[in-house]
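Naming convention: chains lettered A, B, ... in sequence-line order (proteins, then strands); numbering from 1 in each chain.
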Protein chains: 2
Amino acid sequence: METKNPITVVIIEDDETIRNGFTYLINATENYKVLNSYSNVEDALLHLVNDKPQVILLDIELPGIKGIEAIPKIKHILPKTYILMLTVYDNEDNVFNALTKGASGYLTKSDNTEKIIDAIQEVVDGGAPMSMNIAKIVIKSFHKNQNSPLTKRETEILEQIANGKSRSKIAKQMFIDLETVKSHIKNIYIKLNVHSREDAIKEAKNNKYI
Amino acid sequence: METKNPITVVIIEDDETIRNGFTYLINATENYKVLNSYSNVEDALLHLVNDKPQVILLDIELPGIKGIEAIPKIKHILPKTYILMLTVYDNEDNVFNALTKGASGYLTKSDNTEKIIDAIQEVVDGGAPMSMNIAKIVIKSFHKNQNSPLTKRETEILEQIANGKSRSKIAKQMFIDLETVKSHIKNIYIKLNVHSREDAIKEAKNNKYI
DNA sequence: CAAAAAATCCCCCATAACGGGGTATACATC
DNA sequence: GATGTATACCCCGTTATGGGGGATTTTTTG
């Protein structure tokens, strides 16, 4: 182990105790260095360009910009940085969203130091570290959308519908035309053999398409 | 352990493999006896009066009458029987509904035999056995509707809206008039300071009202 | 019991949203 | 060259929605 080129880390976590604890523990480990730590995404985004860390530990539950929303923003300015999510609750949606948005791995805050260091190392080695229970969720999630008759886009739209969004809202949000949304919805209905938003949601949920 | 007065159990579960598996495993345990097992609630209701089990293992996902709907019916004819719900998915709504309707505990189907036997014993001893992750959901649910500005009825209706149901569907399902639903929705919007279904859902989810 | 809160039901109105019918283009995969 | 996907546009009639007024009854609570 050489101390000349330590693995550089930035921590984004609003809880001061956890933030300082992690900073201390990682810095105490040979070959790992915490460049900076921030309590919110906004601050972090301002300084990350200078920090240029190899790995970011990113809390999911943050005030202001949430951890998951932060992923694309961080990836935009630092495309090569690995992001490890920190979470207390292993919520399925969060896990899956974060991974699809570009997070490399997942850690629960109760994981011990050794695990966290291992995870950082693993991620710079190209791995995808995550807690066991999180891995289970991911597997379940992958099982989910597997044999769905819906395309990616259709699934996205159905999820918006399940959130109570109108066609026009969906269109605006996805930067596509209202008519395109209509087309997709028509196809969703045909594929699911339903004739209403309600039935589509029900059918999709029953079959774990969403 | 005396074998003269075994704890009597009835299983209601549509999957034959699980049904027979549980029956076998419970009968193989000293002091526990499965009186009967049924693949649906309708059959069970016809024979439960004769069975008079102390404990019923009740699947949530049943054809015909769903497990949760069955709880009050079972409680009606056998008020002293303890009901343990069996589930594969630890869905928050289901868990909470079942418990408020009179279920005593909750088990995931992946729980091992020992856990299930323990749960049966615990429930006849007056406990409320449930898997750890289910317990978490219950705690969350209790935290949830605490300081909600919405009334019970309004919350019910908002939940229906969040499931994509139209006013008229909600009205039919809740056996109330369309106009009543409209009134409730109007009040929901005022209380949440929103002007659309979408925003109401978002606001309610953010504040854990639903 | 009396007052307050919650739940129920009724009317009107204009607008927005919906579901269904077709058609068409660009693009990638196969 | 056929298929699948994502995109966009047209038409149509029907339904649902949100907001504005009430009113009544049941339930809860002080």
Side-chain angles (χ1 to χ4, degrees), chain A residues 72 100-101 142 144-207 209-210, chain B residues 72 97 100-101 144-207 209-210:
Chain A
T100 53
K101 290 223 170 100
F142 275 114
K144 186 169 72 173
N145 288 22
Q146 210 67 321
N147 50 348
S148 171
L150 304 178
T151 68
K152 208 171 184 175
R153 206 62 165 164
E154 287 162 355
T155 306
E156 280 182 66
I157 288 176
L158 227 194
E159 274 162 357
Q160 299 302 310
I161 288 178
N163 285 330
K165 290 208 168 59
S166 68
R167 300 169 173 181
S168 46
K169 269 283 171 92
I170 296 173
K172 270 175 206 157
Q173 208 162 309
M174 295 180 73
F175 301 105
I176 54 178
D177 195 276
L178 213 197
E179 293 299 329
T180 308
V181 177
K182 281 180 66 176
S183 290
H184 283 306
I185 292 175
K186 269 191 278 192
N187 290 327
I188 291 169
Y189 286 3
I190 291 168
K191 286 182 179 176
L192 299 188
N193 197 240
V194 295
H195 305 278
S196 70
R197 300 162 84 82
E198 182 199 345
D199 289 343
I201 295 171
K202 203 196 295 171
E203 186 69 13
K205 281 191 176 172
N206 281 343
N207 296 96
Y209 300 154
I210 60 168
Chain B
N97 275 335
T100 54
K101 289 222 171 102
K144 186 172 73 173
N145 287 21
Q146 215 67 320
N147 50 347
S148 171
L150 304 179
T151 68
K152 209 173 186 173
R153 207 60 166 165
E154 287 162 355
T155 306
E156 280 182 67
I157 287 176
L158 227 195
E159 273 162 357
Q160 299 302 309
I161 288 177
N163 285 329
K165 291 206 168 61
S166 69
R167 298 169 173 180
S168 47
K169 269 281 170 95
I170 295 172
K172 270 176 205 155
Q173 208 162 309
M174 295 179 73
F175 301 105
I176 53 178
D177 195 276
L178 214 196
E179 292 300 327
T180 308
V181 177
K182 281 180 65 176
S183 290
H184 283 306
I185 292 176
K186 270 191 278 191
N187 289 327
I188 292 169
Y189 286 4
I190 291 168
K191 286 183 180 177
L192 299 189
N193 197 242
V194 295
H195 304 278
S196 70
R197 300 162 84 82
E198 183 199 344
D199 290 343
I201 295 171
K202 203 196 296 171
E203 186 69 13
K205 281 190 177 173
N206 280 344
N207 295 96
Y209 300 154
I210 61 168

*From CA spacing to verdict: side chain to side chain contact (heavy atoms under 4.5 Å, CB included), N193(B), E203(B)*: CA-CA 9 Å; N193(B) 197 242; E203(B) 186 69 13; over 6 Å; no
Send over the distance from [X] [atom1] to [N] [atom2], rounded to a whole Å.
X       : N       : atom1 : atom2 : result
I185(A) : dC18(C) : CD1   : P     : 7 Å
K165(A) : dC18(C) : NZ    : P     : 13 Å
L178(B) : dA7(C)  : CG    : P     : 18 Å
N187(B) : dT8(C)  : CG    : P     : 12 Å
E198(A) : dT15(D) : CD    : P     : 16 Å
L158(A) : dT5(D)  : CG    : P     : 15 Å
K152(A) : dA6(D)  : NZ    : P     : 9 Å
D177(A) : dA17(C) : CG    : C1'   : 15 Å

*asked:* Checking contacts here: which listed nucleotide (dA6(D), dC18(C), dA7(C)) is nearest the side-chain heavy atoms of H184(B)?
replied: dA7(C)
*What's the closest nucleotide to the T180(A) side chain, out of dA8(D), dC18(C), dT5(D)?*
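So the side chain of T180(A) is nearest to dA8(D).
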Rounded to the nearest 0.5 Å, how far apart are [atom1] of [X] and [atom2] of [Y]?
X       : Y       : atom1 : atom2 : answer
R153(A) : I188(A) : CZ    : CD1   : 11.0 Å
I157(B) : I176(B) : CD1   : CD1   : 4.5 Å
I190(A) : H195(A) : CD1   : NE2   : 9.5 Å
L192(A) : L158(A) : CG    : CG    : 6.0 Å
M174(B) : H184(B) : CE    : NE2   : 7.0 Å
K202(A) : S196(A) : NZ    : OG    : 7.5 Å

*asked:* On the nucleotide dT8(C), are OP1 or OP2 found under 4.0 Å from the side-chain N or O atoms that R153(B) carries?
replied: yes
*Rounding to 10 degrees, work out the angle separating the end axes of the helix from dC1(C)-dG30(D) to dC30(C)-dG1(D) (five pairs an end).*
70°
*asked:* Categorize T151(B) for me: base, sugar-phosphate, or nothing, with a 4.0 angstrom heavy-atom threshold over every strand shown.
replied: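 Here T151(B) touches the backbone only, sparing every base.
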*I176(B) or K191(B): which one's nearest nucleotide on DNA chain C is closer to the 5' end?*
K191(B)
*asked:* Could you report the tightest heavy-atom contact between Y189(B) and A200(B), atom names first, then the distance?
replied: CE1-CB, 3.9 Å
_Heavy-atom protein contacts under 4.0 Å, nucleotides 19-30 of chain D, coded B base, S sugar-phosphate only, - none_ = BBB---------
*D177(A): what forms a salt bridge (Lys or Arg N to Asp or Glu O under 4.0 Å) with it, not counting sequence neighbours?*
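None.
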